[in-house]
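Okay, so here's the structure we're looking at.
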Amino acid sequence: MITDSFISRVSSYAALNGVSIDPYDTGVADLSLASSRKTTDSRACLYQPTFCLILQGRKEVHVGATRHVFTPGDAVIVTHDVPMVSRITEASVEAPYIALSLPIALHTMRSLYSEIDEAALEQEKGESFKVGKAEPALIDAVSRLFALVKQPREARLIAPLIVKEIYFRLLLAPHGAMLRHLLQRGSAAGRVSKVIADIKQHYATSFTVDELAATAMMSPSSFYENFKSITATTPLQFQKDIRLLEARRLLMDTRQTVSAVAFEVGYQSPAQFSRDYSRKFGQSPRVDKKKLSFT
């Protein structure tokens, strides 16, 4: 159970440093903090491999057609890059939404995986986005890691050790099946992860499922089934989501026209781009560009 003392310490730190819903780097082992004193509208983004501990408030997340609800004490494990839409549904000035997150470094995880009985996990399956209640020992480890924000000298030595402890506890967590599966040699999860990296890098390039299956060294049917099981979406929809998220970034950060952005992210038709963009973000790219330019 997350104690009031832990929540108070993090809440005070968030207020003192002006922390918002955008992840704030605490300066300790890549530990980030997000906080909001009000509910928010839906927001599309790309989750990368991450562990997140919810301390206070509630958040609703849609991954594909699956809806997840984050509540206090929930430990969120994300093993693959996942496009999602989220909104904070419970937050106030008196009790803001608060969450701590830590990127998952697979190379460090692999050094710990040898301590897990792999034979007992061969038949396990999981999802790339999973929510479960955090064990007391995991909460304690995160609390000790956060405490180092006021001890920079100790943090340099102790933080890496606590991060390894957190990773180990995630590997043992009941909802950590996909994380364990990902670390198995030649697993479908690992192959899909490689394809996801290729799609992210070459999102503007057209491809076929057969080509992606060849990259994963799987049959097209097996690849498609595993990709959808892991990401909760299809390869083509995944690429479209990546394109639209990148397009929104370009609209906000550059002076390019909507048509130029459409072509840059891989669309052949600006009209189709506008339709897809409007369905994804709730308004046309032209309207969004004007709005984003003034925020």
Subject >> Side chain to side chain, Gln256 and Leu250, heavy atoms closer than 4.5 Å >> reply: yes

**OP:** Output yes when Lys280 and Asp276 qualify as a salt bridge under the 4.0 Å nitrogen-oxygen rule, no when they do not.
**Re:** no

Original post:
What distance do Gln239 atom CD and Arg243 atom CZ have between them, rounded to the nearest 0.5 Å?
Top reply: 4.0 Å

Original post:
Quick one: which of Ser12, Ser5, Ser11 gives a side chain to side chain contact (heavy atoms under 4.5 Å, CB included) with Arg9?
Top reply: Ser5

**OP:** Nearest 0.5 Å please: distance from the CD1 atom of Ile2 over to the CG atom of Asp140.
**Re:** 12.0 Å

Original post:
Taking it one step at a time, do Phe263 and Phe273 satisfy ring-ring contact (aromatic ring centres under 6.0 Å, His included)?
Top reply: CA-CA 9 Å; Phe263 290 125; Phe273 167 70; 9.4 Å; no

Subject >> Side-chain heavy atoms of Asp210 within contact of Phe223, under 4.5 Å >> reply: no

Subject >> Arg37 CZ: over 12 foreign heavy atoms closer than 6.0 Å >> reply: no

**OP:** Kindly indicate whether the side chain of Leu55, heavy atoms from C-beta on, has any atom under 4.5 Å from the side chain of Tyr97.
**Re:** no

Subject >> Flag for Tyr24-Asn17: side-chain donor and acceptor within less than 3.5 Å >> reply: yes

**OP:** Tell me, yes or no, whether the heavy-atom count around Arg279 atom CZ, taken from other residues, nucleotides or ligands under 6.0 Å, exceeds 12.
**Re:** yes

Original post:
So, do His68 and Glu60 sit near enough that their side-chain heavy atoms are less than 4.5 Å apart?
Top reply: no

Original post:
Under 3.5 Å, is there a donor-acceptor pair between the Thr71 and Lys133 side chains?
Top reply: yes

Original post:
Would you call Ser274 and Ser284 a side-chain contact if the rule is heavy atoms closer than 4.5 Å?
Top reply: no

Original post:
Roughly how far apart are Met218 CE and Glu225 CD, rounded to 0.5 Å?
Top reply: 8.5 Å

Subject >> Nearest-0.5 Å distance that lies between atom CZ in Phe70 and atom OG1 in Thr89 >> reply: 10.5 Å

**OP:** Kindly indicate whether the side chain of Ile139, heavy atoms from C-beta on, has any atom under 4.5 Å from the side chain of Met1.
**Re:** no

**OP:** Mind listing the closest non-hydrogen atom pair of Val69 and Val131 along with its distance?
**Re:** O-CG1, 4.4 Å

Subject >> Nearest-0.5 Å distance, OH of residue Tyr13 to CG of residue Leu100 >> reply: 10.0 Å

**OP:** Determine, using ring centers only, whether Phe227 and Phe238 are less than 6.0 Å apart.
**Re:** yes

Subject >> Leu53 versus Ala134, closest heavy-atom pair with distance >> reply: CD1-CB, 3.8 Å

Original post:
Could you state the interatomic distance from CD1 (Ile196) to OG1 (Thr215), rounded to the nearest 0.5 Å?
Top reply: 12.5 Å

Original post:
Quick one: does Ile21's side chain get under 4.5 Å of Arg43's, heavy atoms only?
Top reply: yes

**OP:** Give me the ring orientation class for Phe146 and Phe6: parallel if the planes are under 30° apart, tilted from 30 to 60°, perpendicular past 60°.
**Re:** tilted

**OP:** State, to 0.1 Å, how close Met109 and Leu183 come at their nearest heavy-atom pair, and which atoms those are.
**Re:** CB-CD1, 3.8 Å

Original post:
Is the cationic atom of Arg248 (NZ for Lys, CZ for Arg) positioned less than 6.0 Å from the six-membered ring centroid of Phe281 and within 45 degrees of its normal?
Top reply: yes

Original post:
Do the non-hydrogen side-chain atoms of Phe129 and Thr66 ever get within less than 4.5 Å of each other?
Top reply: no

Original post:
Within the distance-only criterion (no hydrogens, no angle test), does the side chain of Thr26 pair as donor or acceptor with the backbone N or O of Ser32 below 3.5 angstrom?
Top reply: no

**OP:** Identify whether the distance between the nearest side-chain nitrogen and carboxylate oxygen of Asp81 and Lys200 falls below 4.0 Å.
**Re:** yes

Original post:
If we ignore angles and hydrogens, is there a donor and acceptor under 3.5 Å between the side chains of Arg249 and Thr254?
Top reply: no

Original post:
Shortest non-hydrogen contact from Glu165 to Ala137?
Top reply: OE2-O, 4.3 Å

**OP:** Could you tell me whether Arg169 and Glu135 have a side-chain N and a carboxylate O separated by less than 4.0 Å?
**Re:** no

Original post:
Just wondering, more than 12 heavy atoms not from Asp253 lying within 6.0 Å of its CG?
Top reply: yes

